[in-house]
Structures are given as structure tokens and as C-alpha cells.
Amino acid sequence: MIANSKDDPVVEVVGPPPGPIFSGFSQPERQIDGSWKGTDPFSGHGWIVMDGETPILLGLKSSRRGLSPLQAEFETLLWAMECLISESMMNLGFATDCSELISILDNPSEWPTFAVELQLFKLLKLSFP
């Protein structure tokens, strides 16, 4: 029966290596990116926390493909926020290569199709200084 088949996305969160998490020389940066292909049934989502040139934490997952590449980018941001809240890493900003995502966050009233995602973003943002 198809309705009962296991179709959970693969999620991988890789923790930091043993020892100090941050070198102390630079502020760690969190980078996010989503992937979307109209012919693929899945979207890809990834985030990474970098300390200079050293990756210290990352997450990768796939999910059912949404309606657009922009939706994949937004879903990636929301998932990264959730993951990093659970890791108590709320004191840093995010970096993205998606200017439209930044536009949504800067001008939410101009993007009514993302109302649900914007509500979740507002709730998650409360955990970040």
C-alpha cells in the first residue's frame, strides 16, 4: 500500500570534532543553500557553520520538491534555524546567495504566497538576538 510506505527524508547532522568548537580568531558564519530541479521529485537543503576555513557543524537533507527554487531556499533557512536553535547556536547571522530570499525577509508584505513560511520565520526569529 503506497500510503503506508516509508518515505521519510534522509537527514544528516554532523557534529563538531572533539576539542574546542571555535578558534576564537573569527566569528563563525552560518551558510545555507537549497537546491531545486523541476524534473526531480526532491529538493535538497543544506547548512554549514564555518569557523574561518573550518567547517564545525553541518546539516543535509532532502524533502519533497516544493513549487519553486525560492521555496526550497526558504525551507532551508527555516530548517537551519530550527537545527541551530536545538544546538544553542543562536548568536550568529546567516549567509545566503539568494537575493530573493533576502527580499522576502525585508519586505514580507510583498510576498503573500509565503505567508505560512513568514509566520514560522517570525516565531523562530524570536530565539535569535
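Any value given below was found using the heavy atoms of this structure, including those in side chains, with hydrogens, waters and symmetry copies removed.
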Just grab all the ring pair (Phe, Tyr, Trp, His ring centres under 6.0 Å) pairs involving residues 51-73, residues at least two apart or on different chains.
none
N/O donor-acceptor pairs under 3.5 Å from side chains in residues 36-44, not counting sequence neighbours:
from	atom 1	to	atom 2	distance (Å)
Trp36	NE1	Gly66	O	3.0
Asp40	OD1	Phe42	N	3.0

Would Ile104 and Ile102 show up in the same hydrophobic cluster when neighbours are defined by side-chain heavy atoms closer than 4.5 Å?
no
Evaluate the criterion side chain to side chain contact (heavy atoms under 4.5 Å, CB included) for residue pair Phe94 and Leu101; output intermediate values, then yes/no.
CA-CA 12 Å; Phe94 290 89; Leu101 179 59; over 6 Å; no
Not counting sequence neighbours, list each pair that qualifies as a side chain to side chain donor-acceptor pair (under 3.5 Å) and has a residue in residues 65-74.
Gln71-Glu75
Report the C-alpha distance between Trp47 and Asp33 in whole Å, list the side-chain angles of each, state the deciding distance to 0.1 Å, and finish with yes or no for side chain to side chain contact (heavy atoms under 4.5 Å, CB included).
CA-CA 6 Å; Trp47 56 264; Asp33 201 11; over 6 Å; no
Side chain proximity check, Glu29 to Val49, heavy atoms < 4.5 angstrom:
no
Derivation of the side chain to side chain contact (heavy atoms under 4.5 Å, CB included) call for Thr96 and Leu77
CA-CA 9 Å; Thr96 180; Leu77 172 61; over 6 Å; no
Is the closest side-chain heavy-atom distance between Met90 and Leu84 below 4.5 Å?
no
Kindly list each side-chain donor-acceptor pair under 3.5 angstrom involving residues 110-129, sequence neighbours excluded, with atom names and distances?
none

Which residues pass the side chain to side chain contact (heavy atoms under 4.5 Å, CB included) test with Thr76, not counting sequence neighbours?
Ile32, His45
Give me the atom names and distance for the closest heavy-atom approach of Leu60 to Gly46.
CD2-CA, 4.1 Å
